[in-house]
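Below is one structure, written out as structure tokens, with a few remarks after it.
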Amino acid sequence: MAHTEKPTALIMIFGATGDLANRKLFPSLYNLFKKGKLDKFAVVGVARRALSNEEFQLKVKESVKENGDTETNADIDEFVSKFYYHSHDVTDSSSYLALGKLSEELDSHYGLNGNRIFYLAMAPEFFGTIAEHLKKDKLTDVSGFKRLVIEKPFGHDLESAKVLNKQIRTAFTEDEIYRIDHYLGKEMVQNIEVIRFANAMFEPLWNNRYISNIQVTSSETLGVEERGRYYEKSGALRDMVQNHMLQMVSLLAMEPPIKLTTDEIRSEKVRVFRALRPIKDGEVNEYFVRGQYDKGIMNEKDVPAYRNEEMVDPESNTETYVAGKLMIDNFRWAGVPFYIRTGKRMKAKSTKIVIQFKDIPMDLYYQPEKTVNPNLLVIHIQPEEGITLHLNAKKSGQGTDATPVKLNYANKGIDGLNTPEAYEKLLFDSLRGDATNFTHWDEVALSWSFVDNISEVWENTKEASFPNYASGSMGPDAADKLLEKDGFFWWPITEIDVENC
Ligand code: NAP
């Protein structure tokens with residue numbers, strides 16, 4: 001499909017009074033508007049509470065001022081004048097008719113060519129109902145395009161994801177469904193493909209002959225905060241591994257696509273998921289480690305254990321940390337472990353990928369206590385964005401000793417600009433019809449089936465060691481052992497920071 005560079009559409013946001021709309025969607029839309037990236041548009045906000053259009057516009061204005069590009073808000077009044085509010089309980093059939101009428105009026109008033117985006121920024125249990133109503137009450141009968149943008153989580157396991165998918169497919173084709181994984185909107189995640197496929201020095205080495213292991217870490221310093229009720233049913237495996245972590249692995253491991261089109265890229269990613277070695281019941285402990293945070297001290301303040309957080313069972317068996325070893329059984333990756341780890345209340349907030357290259361065949365610089373270090377390519381995803389290449393060079397002065405050096409590229413430093421927020425990019429992609437950085441159903445289904453094997457075992461066996469890592473640490477000891485038994489160790493994320501280079 002040709003991507004319209006300056007899209008025109010009616011954007012309907014379900015859950016328009018919620019946190020996501022307020023913190024991410026309104027500021028992202030404003031940034032697009034300000035950069036002149038939108039042609040004609042209007043927004044309808046939908047939620048239950050009663051608000052007038054003016055009250056809603058004021059909320060949008062405040063959200064942009066607090067969360068958006070703060071340099072200048074000169075055109076904010078023009079921007080918010082295109083926002084309308086419709087108070088509506090999504091479970092109530094009757095109010096969809098009025099929403100349909102409002103949409104038609106706005107469509108003709110603003111000349112929106114019958115193009116509609118339905119953005120579901122609300123709890124996933126409503127996704128199916130909304131999609132079915134949109135179809136039944138003819139909101140999807142449009143002369144232009146219609147697209148559904150939905151937030152995670154997409155189901156709770158493979159079975160529930162299938163049910164949800166069936167419901168939304170009654171109203172939208174797969175091509176019209178944009179499943180958000182906001183990691184795919186991050187600048188440096190999108191950069192993985194460019195680093196790999198645009199550099200002659202990496203692609204020839206990107207295989208099991210030259211790479212010894214790959215480590216993907218996504219650590220948070222925050223605890224579960226006020227999300228205890230949701231998190232108790234989810235845990236780190238469903239909340240982070242099934243989507244963000246596996247998506248990053250698929251980008252690292254995929255074959256070069258024959259073209260940079262949505263279909264070609266997605267089909268290469270799907271092939272990685274298909275090659276992912278399934279974890280059998282008896283093997284879960286061999287490949288995966290779960291953790292739950294204990295109390296600890298962070299920023300000189302005492303913080304409680306997960307089990308003492310609000311809305312959390314004092315005996316909770318939910319994991320707040322996962323480490324795993326993934327094997328991709330194909331020609332390129334046979335024998336190369338991909339280690340992943342993610343957790344809450346860890347020592348630092350950081351998402352990083354470390355590609356560790358194999359040792360050179362003979363270490364000429366070996367002395368009992370000195371040797372060359374392995375070459376590493378580190379991709380810094382967040383909070384800092386950049387690339388560091390760890391090499392060995394001669395130590396200055398007499399002799400021929402080797403010493404580690406780092407070549408460093410900091411994304412923000414070079415461009416002198418803040419890279420756009422993931423949501424800004426993803427919203428723009430959905431408006432112009434580019435689904436490359438959204439997850440296809442096949443990826444969702446395959447990643448759930450991989451994760452389901454593990455979560456079934458974990459749910460049915462109480463982990464006696466919980467809580468097993470202190471808040472402010474890098475996770476349980478067992479996660480270190482997972483690598484030690486293969487002769488590796490986790491590269492410490494703080495030492496390989498782009499800022500420390
Ligand atoms: P939230 O703050 O709880 O907002 C929920 C919204 O849904 C509110 O606008 C609420 O407004 C509306 N709502 C609830 N029940 C409704 C009903 N029956 N009919 C119509 N509207 C109803 O949730 P959120 O944090 O924005 O999250 C929304 C979605 O985004 C979830 O799927 C979440 O997993 C996902 N997500 C959120 C974030 C984030 O940063 N917040 C990040 C990633 C993913 P009323 O009470 O006025 O009806």
Side-chain angles (χ1 to χ4, degrees), residues 11-29 43-53 55-56 59-60 62-63 66-67 83-96 98-99 102 118-134 137 139 148-156 160-161 164 167-168 177-186 218 220 222 224-236 238-240 242-245 247 311 342 344 349 351 382 421-427 430 437-439 444:
I11 304 161
M12 219 176 275
I13 300 180
F14 290 81
T17 56
D19 178 64
L20 183 74
N22 191 46
R23 279 192 312 114
K24 303 286 183 191
L25 305 185
F26 302 147
S28 297
L29 273 173
V43 178
V44 181
V46 176
R48 285 169 307 181
R49 72 200 69 173
L51 290 179
S52 66
N53 286 340
E55 285 167 323
F56 180 52
K59 274 181 175 292
V60 174
E62 280 162 9
S63 130
E66 278 167 32
N67 305 293
F83 279 68
Y84 297 79
Y85 186 77
H86 182 76
S87 168
H88 165 133
D89 186 326
V90 295
T91 56
D92 173 7
S93 312
S94 60
S95 50
Y96 284 89
L99 184 59
L102 173 64
F118 303 94
Y119 197 121
L120 309 192
M122 49 190 299
E125 65 252 36
F126 296 115
F127 294 169
T129 315
I130 299 173
E132 284 172 351
H133 272 298
L134 293 177
D137 296 317
L139 276 91
L148 181 73
V149 185
I150 45 178
E151 277 296 334
K152 75 162 199 185
F154 196 90
H156 180 74
S160 57
L164 172 57
Q167 280 179 305
I168 61 175
I177 300 169
Y178 289 66
R179 297 178 192 83
I180 294 242
D181 183 321
H182 69 274
Y183 271 55
L184 296 180
K186 291 185 188 294
S218 187
E220 286 178 64
L222 288 178
V224 70
E225 312 302 299
E226 67 291 339
R227 290 172 74 220
R229 190 200 300 269
Y230 159 76
Y231 203 80
E232 274 287 271
K233 287 192 244 123
S234 156
R238 291 189 169 100
D239 194 42
M240 289 294 294
Q242 181 269 335
N243 37 54
H244 314 313
M245 303 302 281
Q247 281 294 325
M311 317 294 282
T342 179
K344 290 193 176 292
K349 177 179 168 63
T351 303
Q382 65 177 18
E421 260 272 1
Y423 273 97
E424 184 182 325
K425 290 203 259 170
L426 295 175
L427 256 170
S430 68
N437 293 312
F438 295 81
T439 42
V444 175

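Quantities reported herein were computed from a predicted structural model and do not represent experimental measurements. Counting starts at 1 for both ligands and their atoms, in listed order.
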When you measure from atom 31 (C) of ligand 1 to each heavy atom in H86, M122, H182, which option holds the nearest one? M122
Show which atoms of ligand 1 fall inside a sub-4.0 Å distance from at least one heavy-atom site of K152. 32 (O), 33 (C), 34 (O), 35 (C)
For R49 versus Y85, what's the shortest heavy-atom pair and its separation? O-OH, 2.6 Å
Please check: side-chain N/O of D92 versus main-chain N/O of S94, any donor-acceptor pairing under 3.5 Å? yes
Short list, please: which atoms of ligand 1 are under 4.0 Å from a heavy atom of A16? 9 (O)
Geometry only, no angles: is G15 polar-contacting ligand 1 at N/O separations under 3.5 Å? yes
R23 neighbourhood, listing ligand 1 atoms whose heavy-atom distance to it stays under 4.0 Å: 39 (C), 40 (O), 41 (N)
Measuring from atom CG of L184 to atom CZ of F438, what distance do you get when rounded to the nearest 0.5 angstrom? 8.5 Å
I'd like to know whether Y119 forms a side chain to side chain contact (heavy atoms under 4.5 Å, CB included) with I150, so could you lay out the CA-CA distance, the side-chain angles of the two residues, the decisive distance to 0.1 Å, and finally the verdict. CA-CA 6 Å; Y119 197 121; I150 45 178; over 6 Å; no
How many angstroms lie between CG in L139 and CE in M12, if you round to the nearest 0.5 Å? 5.0 Å
Can you confirm, on distance only, whether ligand 1 has an N/O atom lying under 3.5 Å from any N/O atom belonging to T17? yes
Heavy-atom nearest neighbour of atom 43 (C) of ligand 1 within options E125, E151, H88, R49: E151
Which atoms of ligand 1 have any heavy atom of Y423 under 4.0 Å away? 43 (C)
Rounding to 0.5 Å, atoms OH (Y96) and CG (L134) come to a distance of 6.0 Å
Charged N-O contact under 4.0 Å between D239 and R227: yes
V46 N/O under 3.5 Å from ligand 1 N/O: no
At the 4.0 Å heavy-atom cut-off, does D89 count as touching ligand 1? yes
Are any of the N or O atoms of L20 closer than 3.5 Å to those of ligand 1? yes
Which residue owns the protein heavy atom closest to atom 23 (O) of ligand 1, what's the atom, and how far is it? D19 N, 4.5 Å
Is there a donor-acceptor pair under 3.5 Å between the side chain of S218 and the backbone N or O of T351? no
Under 6.0 Å from the six-membered ring centre of F154 and within 45° of its axis: does the NZ or CZ of R179 meet both? yes
Atoms of ligand 1 less than 4.0 Å from P124 heavy atoms? 32 (O)
Please list the nearest protein heavy atom to atom 17 (C) of ligand 1 with its residue and the distance rounded to 0.1 Å. R48 CD, 3.4 Å
F126: numbered ligand 1 atoms lying under 4.0 Å from its heavy atoms: 15 (N), 18 (N)
Report the nearest protein non-hydrogen atom to atom 19 (N) of ligand 1: residue, atom name, distance rounded to 0.1 Å. V90 N, 3.0 Å
When you measure from atom 4 (O) of ligand 1 to every protein heavy atom, which one gives the shortest distance, and what is it? G18 CA, 3.3 Å
Would you find a donor on one side and an acceptor on the other, under 3.5 Å apart, between the side chain of S63 and the backbone of N22? yes
With a cut-off of under 6.0 Å to the ring centre and 45° to the axis, is K186 in cation-pi contact with Y183? yes
Relative to the heavy atoms of A121, which atoms of ligand 1 are at a distance of less than 4.0 Å? 28 (C), 29 (C)
